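Treat the numbers as computed from the prediction; the structure is a model and nothing was measured. Note on naming: letters A, B, ... go to the chains in the order of the sequence lines (proteins, then strands), and numbering restarts at 1 for each one.
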4 protein chains.
Amino acid sequence: MKENASADGGRRAPNPKRRSARAERAILDAASELIVEVGFARMTMEAIAARARVGKQTIYRWWPSKSAVVLDVFTHLTGEKAGQPLPDTGDVATDLKTVLRATVDEFTTPAMDRTARAFTAEIQHDTELAVQIGERLVSPGTEVYKERLRSAVDAGQVRADADLELAVELLTGPFQKRWLLRTAPLTHTYAEDLVDMVMCALRP
Amino acid sequence: MKENASADGGRRAPNPKRRSARAERAILDAASELIVEVGFARMTMEAIAARARVGKQTIYRWWPSKSAVVLDVFTHLTGEKAGQPLPDTGDVATDLKTVLRATVDEFTTPAMDRTARAFTAEIQHDTELAVQIGERLVSPGTEVYKERLRSAVDAGQVRADADLELAVELLTGPFQKRWLLRTAPLTHTYAEDLVDMVMCALRP
Amino acid sequence: MKENASADGGRRAPNPKRRSARAERAILDAASELIVEVGFARMTMEAIAARARVGKQTIYRWWPSKSAVVLDVFTHLTGEKAGQPLPDTGDVATDLKTVLRATVDEFTTPAMDRTARAFTAEIQHDTELAVQIGERLVSPGTEVYKERLRSAVDAGQVRADADLELAVELLTGPFQKRWLLRTAPLTHTYAEDLVDMVMCALRP
Amino acid sequence: MKENASADGGRRAPNPKRRSARAERAILDAASELIVEVGFARMTMEAIAARARVGKQTIYRWWPSKSAVVLDVFTHLTGEKAGQPLPDTGDVATDLKTVLRATVDEFTTPAMDRTARAFTAEIQHDTELAVQIGERLVSPGTEVYKERLRSAVDAGQVRADADLELAVELLTGPFQKRWLLRTAPLTHTYAEDLVDMVMCALRP
DNA sequence: TATTAATCGAGACGGTACGTCGCGTCTTGCC
DNA sequence: GGCAAGACGCGACGTACCGTCTCGATTAATA
């Protein structure tokens, strides 16, 4: 039970009820713009504060690091469709193609591209952030795929003994690799070919 | 009117013939150690210079950035087996498992893990470096896989109409994703399961 | 379209009201000590900052150069007696001797000697500083001499038609030359002989 | 008899007979130009070497420091008239005025002005140089004045009991002070007034 | 006249200090 | 008490020169 506020490093917990909504929005907007304009690495806390016309302390009061700010930006970007289940028309191949094509479109926009890259880069040396990303974005993302595949198993379109965890990796891993290493462009055709190939491995 | 073309101003290219082998080795060694000890992000040019007992200018003379130094470290790490063809015992599944198990072992060592992560992070906002990495490491790495798969096609173990480029991605993409996002540990069993699953998709 | 006037780029003037008195004192003290210990040329901004336990930026925020810092040190050294009028016992020769003897004593202390030398050196290639020195130290210093000589004219001890500007130079120029070029030691006797000689030229 | 060349610090004395006249001239010319163009402080050994199209070692082989190079430049500038006796028309006041007017002209040229300032500055923290300057320039310079004054004593134009050392200081000190501190411009009129005033003090 | 060792131009080297940038913390009024 | 503003101590940046140390390529005094 922490009661001595100044004993634990002088870090008094701020009162969220008094938080300025205006400042929060301005900070997230500024960060969002800057990450697209200059990228994560060249974006500085100082620049965020300046563009948001906000004191630096106001940022540090509510977020522990630059990554944390951008995590919030990212969450807002992808937030709405986070837990959304995948479409289920009855044909798993069609549905997966629909989803992957949409993902191609998403990762082709500069905002998403740069922000996602920034994260993938950042979690390589920020374990804390990696855990958060894993829990808030990766796991839920994987789960909706697994859910759709389970439904496909029930429909007899996927082998019952298939390792679904691995199956999801087979769908998303190549996609991510191609995007990260820029080995080849992400296209709708690619999304379809990928699903076709993976379905070969999953069909009963 | 004597024109002092070389008197001041711009970056005259240094003469590689005069390069100090001693300094180069010391710098690469220092960088190699530091990347393991503190990680790429916390490793500074100043620290490399200090540990290598070298002037900072000597680093900047030969490498444009920290990334470039580490690229050389990395190249030396993986260099020897760069173009090495994959084993060919006649059974493609066995051979791929052998290779992927070895890769698991490799990416489990701190030196490789940290250096590779540093790179994957860095090439997200350093396009120049991305190109170099692509040409010097990724492409050759992919090529040896494709070569082995071509041999498997000839042996009738892989469908003749399979997209080998995609096939390689199917093997390495999931692996890379699991490693990068740390969604699950890399084990020999995983390597084997992955090969088995992919072979389902590739068999005639 | 929001214009980020203050976001980046140029030198925004710092607000003197927020200036840290503690830092200012520490910097001047450190500079004062260092100039005596190692001399102006070998004194570095880095050393001042380190000794004052101050960030380099804090020095550069308030002073444009090393010279400017030392100018402040010097001003504080001589500051108190800057505008002080010369003694007036009724006998101008006696009074000038008193003053010049005191000046000999002053320029014989290491602190004054080294600081004053540093300045005389520095104003040779720092015109800005030269102007400041001229206005803040040299002119006021000359003026008090002229004032005393005017009083001597009134008392009939100095010719009414004497060029007092030149008279002051006659008193201080030889003194300064001997000190600067170290042609001979500065002594009380020298001060007295100098006054005697100059008085020959000034008496009615 | 020094025979073990490498024992005394590895500094083999260079053989002046093999010295390249071309290099020496080029170095002195380059230094001479640079001191006028950028001033002593901003002139670097590197720039001298570059402009003279000479290796840095060639400079360091023959001169121990930047000051030493400029000392040679200066010596060449003033060299020819170094020990030259002052004119002696029979009237000491006239002769002194002639000389001081010439000195005014000399110190009004940029080359002389900047070089002389550089020296006066430099000898404030380079004792070695100060001694050399004293012996090679200041003392001889003073001596010719004293010689002329001695002649004036013989001619009955100057008091026999006058301290000639001090008399020379009275002539040159004010001049130097005005020049160094730029308190007022150096003019022919000033030179004449100065001589007149000093003669008041020296006449029998 | 040929030899040969020192000087030459060039510039890489280990260093020190520069002046700037951005960090994360601290301080000062204002609302 | 949160806020905008921004000064602070600090650490690293990338650059400029320092004075020393190789490198061939002249080059000039001897053999």
Side-chain angles (χ1 to χ4, degrees), chain A residues 9-12 14-20 22-23 26 42-47 49-50 52-62 64-66, chain B residues 6 8 11-12 14-20 22-23 26 42 44-47 49-50 52-62 64-66, chain C residues 6 8 11-12 14-20 22-23 42-47 49-50 52-62 64-66, chain D residues 10-12 14-20 22-23 26 43-47 49-50 52-62 64-66:
Chain A
R11 222 33 329 112
R12 260 160 354 292
N15 181 353
K17 303 172 78 169
R18 312 202 60 168
R19 183 169 189 176
S20 157
R22 186 246 131 211
R42 271 189 296 280
M43 171 175 73
T44 68
M45 291 299 243
E46 222 127 65
R53 309 206 117 267
V54 140
K56 277 197 289 175
Q57 196 57 254
T58 302
I59 307 183
Y60 284 110
R61 186 154 27 233
W62 303 110
S65 66
K66 187 171 66 163
Chain B
S6 65
D8 64 357
R11 224 75 334 266
R12 253 160 359 290
N15 181 351
K17 302 174 80 166
R18 303 211 168 225
R19 183 166 188 177
S20 159
R22 188 246 132 209
R42 272 189 296 280
T44 67
M45 290 300 241
E46 218 132 64
R53 310 207 109 265
V54 141
K56 275 198 285 179
Q57 198 62 249
T58 300
I59 307 185
Y60 284 110
R61 182 152 32 229
W62 303 111
S65 66
K66 189 170 63 161
Chain C
S6 66
D8 62 358
R11 227 72 332 267
R12 252 157 5 289
N15 180 351
K17 303 174 79 170
R18 302 210 168 226
R19 182 168 190 176
S20 158
R22 187 246 133 209
R42 270 188 298 279
M43 171 174 75
T44 68
M45 290 299 240
E46 219 131 62
R53 310 207 107 262
V54 141
K56 274 197 287 178
Q57 197 62 233
T58 301
I59 307 184
Y60 285 112
R61 183 153 28 233
W62 303 111
S65 65
K66 189 169 66 162
Chain D
R11 227 26 335 110
R12 257 156 4 287
N15 180 354
K17 301 173 82 170
R18 312 203 60 167
R19 184 168 189 176
S20 156
R22 188 246 132 209
M43 172 175 72
T44 68
M45 290 300 242
E46 222 126 65
R53 310 204 119 268
V54 140
K56 278 198 287 175
Q57 197 58 255
T58 303
I59 307 184
Y60 285 110
R61 184 155 26 235
W62 304 109
S65 66
K66 187 169 66 162

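Separating the CG atom of B:N15 from the P atom of F:dC23 is a distance of 12 Å, rounded to the nearest angstrom. When the P atom of E:dT25 is taken as reference, atom CD1 of A:I59 falls 13 Å away, rounded to whole Å. One can place CZ of B:R61 at 12 Å from C1' of E:dG15, the figure rounded to the nearest angstrom. B:Y60 places its OH atom 18 Å from the P atom of F:dC17, with the value rounded to the nearest Å. The CD-C1' distance, from B:Q57 to F:dC21, rounds to 17 Å in whole Å. Between the CE atom of C:M45 and the P atom of F:dC10 there is a distance of 17 Å, given to the nearest Å. Here E:dG15 presents its C1' atom at 13 Å from CD of C:E46, a figure rounded to the nearest Å. When rounded to the nearest whole Å, the span between NZ of B:K56 and C1' of E:dT16 equals 10 Å.
Comparing B:K66 and D:S65, the nucleotide of DNA chain F nearest to each residue sits closer to the 5' end for B:K66. Between A:A49 and C:A52, the residue anchored closer to the 5' end of DNA chain F is A:A49, taking for each the nucleotide with the nearest heavy atom. Taking for each of D:V54 and B:G55 the nucleotide of DNA chain E with the nearest heavy atom, the 5'-most of the two is the partner of D:V54.
Listed pair D:W62 / E:dA6 fails the phosphate criterion, with no side-chain N or O lying under 4.0 Å from OP1 or OP2. At E:dG9, one or more side-chain N or O atoms of D:R22 fall inside 4.0 Å of OP1 or OP2 (strictly under the cut-off). Taking side-chain N and O atoms only, A:T58 has a distance below 4.0 Å to OP1 or OP2 of F:dA4.
B:A52 meets the side chain to side chain contact (heavy atoms under 4.5 Å, CB included) test with B:A26, B:I27, B:A30, B:V54; sequence neighbours excluded. Taking the side chain to side chain donor-acceptor pair (under 3.5 Å) definition, one finds that C:K66 meets it with nothing, sequence neighbours left out. A search for side chain to side chain contact (heavy atoms under 4.5 Å, CB included) contacts involving B:P14 returns B:R61, B:W62, not counting sequence neighbours. Here D:R19 pairs with D:E24 under the salt bridge (charged side-chain N to carboxylate O under 4.0 Å, His left out) rule; sequence neighbours left out.
Heavy atoms of B:R42 sit nowhere under 4.0 angstrom from any nucleic acid atom.
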Could you list, one pair per line, each protein nitrogen or oxygen that sits under 3.5 Å from a nitrogen or oxygen of nucleotides 25-27 of chain F, together with the distance?
{"unit_1": "F:dT27", "atom_1": "O2", "unit_2": "D:R18", "atom_2": "NH2", "d": "3.4"}

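With F:dA12, E:dC18, F:dC10 as the choices, the nucleotide that has an atom nearest any side-chain atom of B:T44 turns out to be F:dA12.
Across all non-hydrogen atoms, the minimal contact from C:G55 to C:A49 is C-CB, 4.3 Å.
Taking CD1 from C:I59 and CD from C:E46, the interatomic distance works out to 9.5 Å, rounded to the nearest 0.5 Å.
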